[in-house]
Amino acid sequence: MSSFVNITSSSPIFFLTGVPGLEVAHVWISIPFCCLYITALSGNGIILFIIITESSLHEPMYYFLSMLSTTDLGLCVCTLVSMLGIFWFNARQISFHACVAQTFFIQLFTVMESSVLLAMAFDCFIAICNPLRYATILTDTRIVKVWFAILVRGTVILLPLALLLKHLSFCRSHVLHYSYCFHPDITQLSCSDNKINSVLGLTALIVTAGVDSIFILLSYILIIKTVLSIASPEKRHKAFSTCISHIVAVAIFYIPLISLCFVHRFGKRAPPHVHTFIANVYLLIPPVMNPIIYSVKTKQICRTIKKSPLSEGIEDLTLIILQ
């Protein structure tokens, strides 16, 4: 297999990487990945189905949760075929245009998830700090506008990055470091000047996830200030408990994202397994954990799941298997 691409090629071929050094065990390694994908797809699908079909959940908090599940499903679908293709069939080749499309959608759903988490922080802020105006501020029309703004914001910021990638030339190694196409990974393989791509990529990350994280932090500072001013300990505890699921969701999204950025930029001497592990955690853990967190911590979701036909079907299937 050649490790170089002809610079004159209009559509170079890249090679994705599975788990370095454990290629012979890729079939076995695919088992936990399949379990994670099944958990993420089914969990987020159930959350969406329940919120759509259950009229009692047609409230701003659950609309934002449905947005979060949608972005998580998008992240999973973006990489499902390429990642499992590597583990099952050693299908490592990916065309340049397919790679650019994949990195665009991965970045788009990442930015959208960051924006949704910010919207959910604003929802918590209004619910705790200004509950009397909650219904008048977060109307259905405004929530639709927020979702549209999130989609447009991500597209406008990230589309130029994808278009700029098409102007790069590749004449060095074309083996990518991950099981999916990652924007900084592609730019580093270029033999042409990629400073604009690197700067714009970092700028896009700062003005999206960076700015979102600052506003999320400011929201929680105001929330904590309001909650501490409540005299009743029970009401303080109840107010804090409404934010726990969101805090955990923010942590499992931003910690892997920041870790991946730092390892990619400053961890050149780190073992390849470290890069692979963090890259897969960043991609799969939020979609897997978010539906579990909200199903366990949100009483309305938990009760609705138990009452839903899906739950009865799962119980019936379990009884059939046991018999």
Side-chain angles (χ1 to χ4, degrees), residues 36 39-40 43-44 47-48 51 59-76 106-130 134 138 143 146-147 149-151 153-154 157 204-228 236-263 278-302:
L36 290 174
T39 303
N44 287 289
I47 292 288
L48 276 174
I51 292 174
E59 298 178 4
M61 172 185 173
Y62 303 107
Y63 290 146
F64 290 128
L65 179 56
S66 67
M67 295 179 194
L68 187 66
S69 293
T70 301
T71 58
D72 284 336
L73 284 172
L75 272 176
C76 290
I106 289 174
Q107 287 183 304
L108 176 62
F109 286 115
T110 299
V111 168
M112 289 175 65
E113 181 146 352
S114 175
S115 302
V116 170
L117 289 172
L118 174 58
M120 295 175 82
F122 181 73
D123 173 73
C124 292
F125 168 74
I126 297 298
I128 293 174
C129 301
N130 202 349
Y134 182 82
L138 293 176
I143 291 173
V146 167
W147 177 240
I150 288 171
L151 181 60
R153 177 204 189 201
I157 292 175
L205 181 64
I206 292 172
V207 300
T208 53
V211 172
D212 292 345
S213 62
I214 292 172
F215 280 110
I216 290 172
L217 180 61
L218 289 175
S219 297
Y220 273 101
I221 290 173
L222 295 174
I223 289 171
I224 292 170
K225 183 179 178 181
T226 302
V227 171
L228 292 178
R236 283 203 302 265
H237 180 268
K238 184 179 180 181
F240 272 127
S241 64
T242 60
C243 301
I244 290 176
S245 298
H246 181 256
I247 292 171
V248 176
V250 169
I252 63 175
F253 173 76
Y254 279 103
I255 291 175
L257 176 61
I258 294 170
S259 301
L260 179 61
C261 293
F262 270 92
V263 167
I278 294 177
N280 291 326
V281 165
Y282 147 73
L283 192 69
L284 287 174
I285 294 303
V288 169
M289 293 303 299
N290 283 335
I292 296 173
I293 292 166
Y294 279 95
S295 297
V296 172
K297 289 293 183 180
T298 308
K299 293 181 180 179
Q300 293 89 334
I301 293 286
C302 188

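Quick caveat, the model's predicted, so the values are computed rather than measured. These numbers come from the heavy atoms of this one structure, side chains and all, not from hydrogens, waters or symmetry mates.
Counting only residues at least two apart or in different chains, side-chain hydrogen bond (donor to acceptor under 3.5 Å, both in side chains) contacts with residues 243-256 comprise Ser114-Tyr254, Tyr220-His246. Sorted by first then second residue, the salt bridge (Lys or Arg N to Asp or Glu O under 4.0 Å) pairs that include residues 284-293, not counting sequence neighbours, number zero.
Ala40 approaches Cys76 most closely through the heavy-atom pair CB-SG, 3.5 Å. The heavy-atom pair separating Ala249 from Leu117 by the smallest distance is CB-CD2, 4.1 Å. Nearest heavy-atom pair, Met61 versus Tyr134, reported as atom, atom and distance to 0.1 Å: N-OH, 3.7 Å. Between Leu68 and Val116, the shortest heavy-atom contact is N-CG1, 3.8 Å. Across all non-hydrogen atoms, the minimal contact from Thr226 to Ile128 is CG2-O, 3.9 Å. Shortest non-hydrogen contact noted between Ser69 and Ile47 is OG-CG2, 3.3 Å.
Checking side-chain atoms of Ser241 against main-chain N and O of Lys238 turns up a donor-acceptor pair under 3.5 Å.
Residues passing the side-chain hydrogen bond (donor to acceptor under 3.5 Å, both in side chains) test with Tyr63: none are found, sequence neighbours excluded. Remark: Leu73 engages Leu41, Asn44, Leu48 in a side-chain contact (heavy atoms from CB on, under 4.5 Å) (not counting sequence neighbours). Shown here are the side-chain contact (heavy atoms from CB on, under 4.5 Å) partners of Val248, two or more places apart in sequence or in another chain: Ile244, Ile252, Ile293. In this view, Leu36 and Leu284, Val288 satisfy the side-chain contact (heavy atoms from CB on, under 4.5 Å) rule, not counting sequence neighbours. Qualifying side-chain hydrogen bond (donor to acceptor under 3.5 Å, both in side chains) partners for Asn290, counting only residues two or more places apart in sequence or in other chains: Asp72, Glu113. Applying the ring pair (Phe, Tyr, Trp, His ring centres under 6.0 Å) test to Phe240 and every residue at least two apart in sequence or in another chain returns nothing. For Phe215, the side-chain contact (heavy atoms from CB on, under 4.5 Å) partners are Leu118, Val211, Leu218, not counting sequence neighbours. Applying the salt bridge (Lys or Arg N to Asp or Glu O under 4.0 Å) rule to Arg153 yields the partners Asp212; only residues at least two apart in sequence or on another chain are considered. With sequence neighbours excluded, the residues satisfying side-chain hydrogen bond (donor to acceptor under 3.5 Å, both in side chains) with Tyr282 are Thr110.
Looking at Phe122 and Ile216, their side chains never come closer than 4.5 Å, going by heavy atoms from C-beta outward. Contact of the Thr242 side chain with the Cys124 side chain is not registered, since no non-hydrogen atoms from C-beta on lie closer than 4.5 Å. With contacts defined as side-chain heavy-atom distances shorter than 4.5 Å, the pair Ser115/Val111 qualifies. Residues Tyr294 and Met289 are not in side-chain contact: their nearest non-hydrogen atoms beyond the backbone lie 4.5 Å or more apart.
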**Item:** Audit row: Val250, Met120, side-chain contact (heavy atoms from CB on, under 4.5 Å) steps and yes/no
**Value:** CA-CA 10 Å; Val250 169; Met120 295 175 82; over 6 Å; no
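In this structure, CD1 in Ile214 is found 12.0 Å from OG in Ser219, a value given to the nearest 0.5 Å. Note that the CD1 atom of Ile150 and the CG atom of Leu108 stand 11.0 Å from one another [nearest 0.5 Å]. The OG1 atom of Thr208 lies 9.0 Å from the CD atom of Gln107; values are rounded to the nearest 0.5 Å. Atom-to-atom distance recorded for Phe109:CZ and Leu75:CG is 7.0 Å, nearest 0.5 angstrom. With values rounded to the nearest 0.5 angstrom, Phe262 atom CZ is found 11.5 Å from Ile278 atom CD1.
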